[in-house]
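This chain uses plain numbering: 1 for the first residue, then up along the sequence.
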Amino acid sequence: MSAMRRRPVLPTHQDDMEKVGGKPPQSRLCFLATLCAMFWVLIFYFHFFVIANEPGSAGADTAAGAAASIARAELPLPEPERVSDPAVPLPPPALVSEPPPTTATVAKVEDEEKPTAVAHQEAAPRDYAFQRALKTAENKSDPCGGRYIYVHELPPRFNDDMLRECERLSLWTNMCKFMSNEGLGPPLGNEEGVFSNTGWYATNQFMVDVIFRNRMKQYECLTKDSSIAAAVFVPFYAGFDVARYLWGHNISTRDAASLDLIDWLRKRPEWNVMGGRDHFLVGGRIAWDFRRLTDEESDWGNKLLFMPAAKNMSMLVVESSPWNANDFAIPYPTYFHPAKDADVLLWQDRMRSLERPWLFSFAGAPRPDDPKSIRSQLIDQCRTSSVCKLLECDLGESKCHSPSAIMNMFQNSLFCLQPQGDSYTRRSAFDSMLAGCIPVFFHPGSAYVQYTWHLPKNYTRYSVFIPEDGVRKGNVSIEDRLKSIHRDMVKKMREEVISLIPRVIYADPRSKLETLKDAFDVSVEAIINKVTQLRRDIIEDHEDKDFVEENSWKYDLLEEGQRTIGPHEWDPFFSKPKDKGGDSTNPSTNAAKNSWKNEQRGQN
């Protein structure tokens, strides 16, 4: 003990006796008594506080245990670490709420003795801000439970201001005339008896931005409480924004509104709930207009879909990218926008009863500048066939731009040829289905990997697939292939096409279908399902860590509950050689440019 080590430095008892005549002084006796008391205080301290706090110690320690503790106390303390030693990191500053060191040591020992309890605490489920929204679906008395949509109130520069400047939305087309009737355009007359008496409009194929937003205004489950929303809609006119700046403007101008939107959204509390993963918006153009690959001034479009924050959102476009996960295809608008179920049912009955004298038909122009296009071969086969109807749009024939002429041809045909347009897809596919004509596709990117929300994944139920390579090489006769399909199968396929009509049209935004689901309803339901599944995966820690974005088109074809992809028969159609995705001259960019050039010529 330290007291024992210090005793030799005190005066001896003999010296004191000599100084005071042989009687010990009173102060010395007091000092010895105090020293003795200190000794026993130390004994009790080690007994009750040190030994008692050690693992395995009993309530009453033996004298040997106390002596051992005293011996340990007499060992020299280790030299403290030097703060200036660069090899030893400084400990983190203690929090105000931290317990004193002794308590922390005891707690650590107890934790080591109870690992099961600690593991149980770590496994406790986390609370997420979106769980209240999920619970609304459990309320069976609420018809909107699990279906609520929250709509951001964007500043008008993101939507309404664009409509006020509608003459600037296209370099060649005055879009102002298409803004009437909530984005449906001017009504179509029915002098030739091709249409029904109501619900038909000269709708521009790039008006989905406005039509979708106006349909959203009529959605029955809108909410001002974002905490119960199944999804969040961003009413940004992305298609109009990119359209007004594509020609003659630098990339800073083309990207400005998108960057402004992202900055506005990220400041909103609704964004922080899931970092935007529950947000969706609509861009009524093909995805390539929003996927500029570089910052070269000569490159095409803006980079909205490549912005990190925007990648968290879902964007609905009329043509999606097979290799990206944040855009989803929805149908092009047709000319038919019914106001009630009866309008649709009457039209379907009429399409069932029509006589169709033509085996197949094609409306379109060749693409002489595209060596991979099969349009020239299709036109040649149609010309030489006695059972094919052809509208050649490259000759300036006005009927190609007449909705009644096109719809009349489709109504008189059993099959309608739908090769790739300037990009994978074309509006004509939906016009033909609206007429009850069975579409014939030549590339899976024209419909099968695009409109998986709206069309059956089993494409043989409603269409015919003829790989374009056989047509290009002259090995396939379209007429012979279609004639080989049994009459009963043709009837069954046509009935499937007619039954799909409600899902591929947009109802009049000023009303709502009573029981039928239109393209808007199908899209919103799919977005809600997507967000709901994502939220459940987050809670259960089931997010797909092995997701390969370049194979996005394969995931879209999986049936419900499936998560694993593998080799697919369509892999050759969607391979991405270096010359197809690494620079601004890739075919997707060229397709977008050609689409605009053909819009200039007024072609579909």
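- When all heavy atoms of Cys437 and Val497 are compared, the pair lying nearest together is O-CG1, 3.9 Å.
- Note on Lys483 versus Asp480: no salt bridge recorded, every NZ/NE/NH1/NH2 to OD/OE distance being 4.0 Å or above.
- Here Phe158 and Tyr237 keep their ring centres 6.0 angstrom or further from each other.
- Between the side chains of Thr334 and Asp431, no donor-acceptor pair is found at a separation under 3.5 Å.
- There is no side-chain donor-acceptor pair under 3.5 Å between Arg291 and Asn302.
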| Yes or no on side-chain contact (heavy atoms from CB on, under 4.5 Å) for Val317 and Trp288, after CA distance, side-chain angles and deciding distance? | CA-CA 10 Å; Val317 290; Trp288 318 112; over 6 Å; no
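- Screening Val232, Asp209, Val234 for a side-chain contact (heavy atoms from CB on, under 4.5 Å) with Leu281, the sole residue that qualifies is Val234.
- A donor-acceptor pair under 3.5 Å is absent between the side-chain atoms of Thr173 and the main chain of Met175, judged by distance alone.
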| request: Assess whether ring pair (Phe, Tyr, Trp, His ring centres under 6.0 Å) is satisfied between His568 and Phe573, documenting all intermediate values. | output: CA-CA 10 Å; His568 197 281; Phe573 289 96; 9.8 Å; no
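- Put simply, the side chain of Ile330 reaches to within 4.5 Å of the side chain of Val208, judged on heavy atoms.
- With respect to the salt-bridge test (charged N to carboxylate O, under 4.0 angstrom), the residues Asp488 and Lys491 do not qualify.
- Without hydrogens or angle criteria, Asp341 side chain to Glu514 main chain gives a donor-acceptor distance under 3.5 Å.
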| said: Pair Lys492, Tyr462 - check side-chain contact (heavy atoms from CB on, under 4.5 Å), show working. | reply: CA-CA 8 Å; Lys492 186 176 181 180; Tyr462 70 94; over 6 Å; no
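- With contacts defined as side-chain heavy-atom distances shorter than 4.5 Å, the pair Phe280/Met313 does not qualify.
- With a 6.0 Å radius and a threshold of 12 heavy atoms from other residues, nucleotides or ligands, Arg350 has its CZ atom above the threshold.
- Between Gln450 and Ser320, the side chains place a donor N or O and an acceptor N or O closer than 3.5 Å (distance only, hydrogens not considered).
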| message | Applying ring pair (Phe, Tyr, Trp, His ring centres under 6.0 Å) to His152 and Tyr150, what does each step give before you reach the verdict? | response | CA-CA 7 Å; His152 276 298; Tyr150 177 86; 5.6 Å; yes
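- Between Asp521 and Arg503 there is no salt bridge, since no side-chain N of the basic residue sits under 4.0 Å from a carboxylate O of the acidic one.
- Between His443 and Tyr424, the ring planes are tilted. Angles from 30° to 60° get that label.
- In this structure, CG in Leu359 is found 5.0 Å from CG in Leu482, a value given to the nearest 0.5 Å.
- A side-chain donor-acceptor contact under 3.5 Å links Tyr448 and Ser463.
- The environment of Lys512 atom NZ is dense: over 12 non-hydrogen atoms of other residues, nucleotides or ligands sit within 6.0 angstrom.
- Partners of Ala526 by side-chain contact (heavy atoms from CB on, under 4.5 Å), not counting sequence neighbours, listed by chain and number: Trp453.
- Trp200 pairs by the side-chain hydrogen bond (donor to acceptor under 3.5 Å, both in side chains) definition with Ser196, not counting sequence neighbours.
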| request: Please step through ring pair (Phe, Tyr, Trp, His ring centres under 6.0 Å) for the pair Tyr451 and Phe430, ending with a clear verdict. | output: CA-CA 11 Å; Tyr451 310 103; Phe430 296 101; 4.9 Å; yes
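- Heavy-atom contacts from other residues, nucleotides or ligands closer than 6.0 Å to NZ of Lys177 number 12 or fewer.
- By the 4.5 Å heavy-atom criterion applied to side chains, Ile379 and Pro366 are counted as neighbours.
- Counting heavy atoms from C-beta outward, Leu417 and Phe442 have side chains that approach closer than 4.5 Å.
- Remark: Asp160 engages Arg213 in a salt bridge, criterion side-chain N to carboxylate O under 4.0 Å.
- Looking only at distances, a side-chain donor or acceptor of Trp347 sits under 3.5 Å from a matching main-chain atom of Leu434.
- Here Arg481 pairs with nothing under the side-chain hydrogen bond (donor to acceptor under 3.5 Å, both in side chains) rule; sequence neighbours left out.
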| message | I'd like to know whether Tyr148 forms a side chain to side chain donor-acceptor pair (under 3.5 Å) with Asp142, so could you lay out the CA-CA distance, the side-chain angles of the two residues, the decisive distance to 0.1 Å, and finally the verdict. | response | CA-CA 11 Å; Tyr148 286 106; Asp142 183 1; 2.8 Å; yes
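- Ring pair Phe240/Phe206: centre-to-centre distance not below 6.0 Å.
- Under the 3.5 Å distance criterion, the side-chain polar atoms of Arg168 are left unmatched by any main-chain donor or acceptor of Arg244.
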| request: Determine, step by step, whether Thr425 and Tyr332 satisfy the side chain to side chain donor-acceptor pair (under 3.5 Å) criterion, reporting the C-alpha distance in whole Å, the side-chain angles of both residues, the deciding distance to 0.1 Å, and the verdict. | output: CA-CA 9 Å; Thr425 63; Tyr332 287 86; 2.9 Å; yes
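- Pairs engaging residues 484-513 under the ring-ring contact (aromatic ring centres under 6.0 Å, His included) rule: none recorded [sequence neighbours left out].
- Side-chain N or O atoms of Ser258 include none that pairs as donor or acceptor with a backbone N or O of Leu304 at under 3.5 Å.
- Rounding to the nearest 0.5 angstrom, the gap separating the CG atom in Leu346 from the CE atom in Met351 is 11.0 Å.
- The closest side-chain donor-acceptor pair between His279 and Ser314, if any, does not fall under 3.5 angstrom.
- Residues Tyr459 and Trp570 place their aromatic rings such that the two centres sit under 6.0 Å apart.
- Side-chain polar atoms of Gln377 and Glu468 form no donor-acceptor pair below 3.5 angstrom.
- For the residue pair Gln418 / Ser428, a side-chain donor-acceptor distance below 3.5 Å is found, with atom types taken as modelled.
- Salt-bridge annotation for Arg147 and Glu220: present, with a side-chain N of the basic residue lying under 4.0 Å from a carboxylate O of the acidic one.
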| field | Steps toward side chain to side chain donor-acceptor pair (under 3.5 Å) verdict (Gln420, Ser446) | value | CA-CA 6 Å; Gln420 296 186 67; Ser446 295; 5.4 Å; no
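- Note on residues 432-461: pairs passing salt bridge (charged side-chain N to carboxylate O under 4.0 Å, His left out), not counting sequence neighbours, are Arg461-Glu496.
- Judged purely by distance below 3.5 Å, without hydrogens or angles, the side chains of Glu479 and Ser385 pair a donor atom with an acceptor atom.
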| request: Given side-chain contact (heavy atoms from CB on, under 4.5 Å), test Val504 with Leu455 step by step and report yes or no. | output: CA-CA 8 Å; Val504 299; Leu455 302 177; 4.0 Å; yes
| Can you list the steps and then say if Arg494 with Arg356 is a side-chain contact (heavy atoms from CB on, under 4.5 Å)? | CA-CA 11 Å; Arg494 184 170 66 249; Arg356 299 177 184 267; 3.6 Å; yes
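- With sequence neighbours excluded, the residues forming a side-chain contact (heavy atoms from CB on, under 4.5 Å) with Leu345 are Gln348, Leu516, listed by chain and number.
- At a cut-off of 3.5 Å, with distance as the only test, no side-chain donor of Asp370 or Ser373 sits close to an acceptor on the other residue.
- For Phe212 and Phe520, the ring centers are positioned less than 6.0 Å apart.
- Distance alone, capped at 3.5 Å, is enough to place a donor-acceptor pair between the Asp508 side chain and the Arg510 backbone.
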